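Because the structure is predicted, anything quoted here is derived from the model rather than measured.
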Amino acid sequence: MALSVGIVGLPNVGKSTFFNAITNSQAEAQNYPFCTIEPNTGIVPLPDPRLDALAKLSRSEKIVAAPISFVDIAGLVKGASQGEGLGNKFLSHIRDVSAIAHVVRCFEDPNIVHVSGKIDPLDDIDVINTELILADLELADKLLAGLEKNARKGDAEAKEKFDLLTRIRELLVTNRPARQVESSDPEKVWLKSFNFLTAKKVIYVANISEAMLGQDSPAVAIVQKFAAAQGDAFELICAKIEEEISKLDAAEKAEYLKALNIAESGLDVVAKKCFTLLGLQTYLTTGPKETRAWTIRRGDTAPQAAGVIHTDFERGFIRANIVSYEDFVRLGGVKEARDQGLLRQEGRDYVMQDGDVVEFLFNV
């Protein structure tokens with residue numbers, strides 16, 4: 001269950017620099033619009049220090065972190081929903097991702113052209129969001145037209161879908177995203193199937209310059225306030241510094257962050273926020289061969305979690321032997337946890353918790 005995050009924004013806001021930093025893959029980053037045409041994709045590990053601690057105790061040969069796929073989508077411009085720039089092609093790339101990281105330029109730099117000629121975070125956000133909303137309005141009208149006949153005939157499901165789409169359209173025409181629609185559990189399933197661009201979870205990423213680190217910024221405050229008002233996530237980064245950090249080894253990275261008086265890389269925080277944005281969490285397995293983080297949804301039961309490893313594990317599920325990460329590390333391993341009575345045997349109804357260290361028993 002890999003999480004895919006599409007990096008969007010206007011041209012020259014720092015998207016490709018952000019992508020370079022988080023994947024260290026050196027995608028093109030040039031000072032002109034539409035440098036990125038085909039989306040660059042990089043799969044990176046979710047930062048998780050728990051894996052190192054478990055691997056040390058288990059003397060694991062390798063560590064496998066939960067993967068996140070980041071997609072560098074070319075800069076959108078006003079009129080993209082009508083094909084301006086390289087419009088519809090880019091909108092289709094956004095439709096394929098799980099969540100959106102919306103990079104907003106908050107730095108001044110006369111050497112880097114801004115497509116609208118000025119730094120105005122709200123205007124930049126509005127350009128992108130308007131294009132996504134216009135594309136969704138077109139989709140909503142098509143879906144409504146396809147359902148109208150059966151809804152009028154009294155088809156219960158068609159009528160319920162029609163009502164949901166009508167509420168979504170009412171949001172869109174008032175410049176609000178589809179993700180703000182109030183919906184029941186069955187409607188949430190339909191909403192996901194409609195695949196509206198503005199139904200996707202969003203994190204707004206304010207990109208600042210190195211000189212702005214530790215300083216108050218009106219531009220950043222504007223982005224943060226907007227994200228909060230929309231109920232969306234927010235994070236602050238300096239993409240240029242993060243790109244430099246990404247080229248360092250672990251020890252050098254720790255020293256650099258310490259020198260900057262930063263507890264954790266902004267990009268590590270963004271990765272974690274994107275992971276939780278979709279209601280995902282990890283459970284852990286550990287042994288001599290490997291220590292691994294497995295991605296599941298919050299609320300998944302033990303058999304569903306077992307199925308992520310292999311469908312046979314879910315089909316033939318017997319029980320799960322579980323130790324909390326904290327107890328595993330504090331006591332020094334699964335044997336010690338068992339001796340202390342802290343190894344739990346959980347059945348089919350057990351709801352997995354983030355950081356559970358698990359051994360599944362199954363029979364097929």
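- Between L342 and R330 there is a side-chain heavy-atom pair separated by less than 4.5 Å.
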> Taking it one step at a time, do K62 and E290 satisfy salt bridge (charged side-chain N to carboxylate O under 4.0 Å, His left out)?
Replying inline: CA-CA 5 Å; K62 65 177 180 177; E290 71 172 25; 3.8 Å; yes
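- Using a cutoff of 4.0 Å between basic side-chain nitrogens and carboxylate oxygens, K153 and D155 are not scored as salt-bridged.
- To the nearest 0.5 Å, atom CG of residue L139 and atom CG of residue L197 are 8.0 Å apart.
- Here the closest heavy-atom approach between residue A178 and residue L191 is recorded as O-CD2, 4.5 Å.
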>> Pair W294, T285 - check side chain to side chain donor-acceptor pair (under 3.5 Å), show working.
In response: CA-CA 8 Å; W294 300 88; T285 57; 2.9 Å; yes
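- Two residues are said to be in side-chain contact when any heavy atoms from C-beta on lie closer than 4.5 Å; C274 and I203 meet this criterion.
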> Which is it for K240 and E244 under the salt bridge (charged side-chain N to carboxylate O under 4.0 Å, His left out) test, yes or no, and what are the steps along the way?
Replying inline: CA-CA 6 Å; K240 289 297 292 182; E244 293 173 14; over 6 Å; no
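- Looking at R179 and D232, a side-chain N of the basic residue comes within less than 4.0 Å of a carboxylate O on the acidic one, giving a salt bridge.
- The closest donor-acceptor contact from the side chain of T174 to the backbone of E170 lies under 3.5 Å.
- Under a 4.0 Å N-O distance rule, the pair R169/D141 qualifies as a salt bridge.
- Contact of the I73 side chain with the I7 side chain is not registered, since no non-hydrogen atoms from C-beta on lie closer than 4.5 Å.
- At least one cation-pi condition fails for R315 and F313: the charged atom is not both under 6.0 angstrom from the six-membered ring centre and inside a 45 degree cone around its axis.
- Two residues are said to be in side-chain contact when any heavy atoms from C-beta on lie closer than 4.5 Å; S58 and F328 meet this criterion.
- No side-chain donor from either of R298 and T276 sits under 3.5 Å from a side-chain acceptor of the other.
- Checked against a 6.0 Å centroid threshold, the rings of F19 and F70 do not count as neighbours.
- When all heavy atoms of A302 and A320 are compared, the closest pair comes out as CB-CB, 4.3 Å.
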> Taking it one step at a time, do D354 and Y283 satisfy side chain to side chain contact (heavy atoms under 4.5 Å, CB included)?
Replying inline: CA-CA 6 Å; D354 186 68; Y283 71 85; over 6 Å; no
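- Minimum interatomic distance between K253 and S265 (heavy atoms only, all atoms of both residues): CE-CB, 4.0 Å.
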>> Could you go through Y350 and R319, starting from their C-alpha distance and side-chain angles, then the distance that decides it, and tell me whether this counts as side chain to side chain donor-acceptor pair (under 3.5 Å)?
In response: CA-CA 9 Å; Y350 176 71; R319 70 174 185 269; over 6 Å; no
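- Judged purely by distance below 3.5 Å, without hydrogens or angles, the side chains of E243 and S246 never pair a donor atom with an acceptor atom.
- Side chains of L164 and V181 form a contact here, defined as non-hydrogen atoms less than 4.5 Å apart.
- Shortest non-hydrogen contact noted between A271 and L46 is O-CD1, 3.8 Å.
- Using modelled atom types, no side-chain atom of D356 and backbone atom of V358 make a donor-acceptor pair closer than 3.5 Å.
- Looking only at side-chain heavy atoms (C-beta outward), F360 and N321 stay at 4.5 Å or farther from each other.
- Closest approach of L51 and A293 over heavy atoms only: CD2-N, 3.8 Å.
- Of all heavy-atom pairs between R348 and T301, the closest is O-CB, 3.5 Å.
- Atoms CG and CD, on L165 and E187 in that order, are 10.0 Å from each other to the nearest 0.5 Å.
- Looking at Q180, its side chain never comes within 3.5 Å of a backbone N or O of P177 through a donor-acceptor pair.
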>> As a quick check of understanding, evaluate salt bridge (charged side-chain N to carboxylate O under 4.0 Å, His left out) for E182 and K188, giving each step before the final call.
In response: CA-CA 9 Å; E182 293 185 10; K188 284 179 172 62; over 6 Å; no
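- C106 has its side chain within reach of V223: a pair of non-hydrogen atoms, C-beta onward, lies under 4.5 Å apart.
- T282 and T295 are not linked by any side-chain donor-acceptor pair at a separation below 3.5 angstrom, with hydrogens and angles left out of the test.
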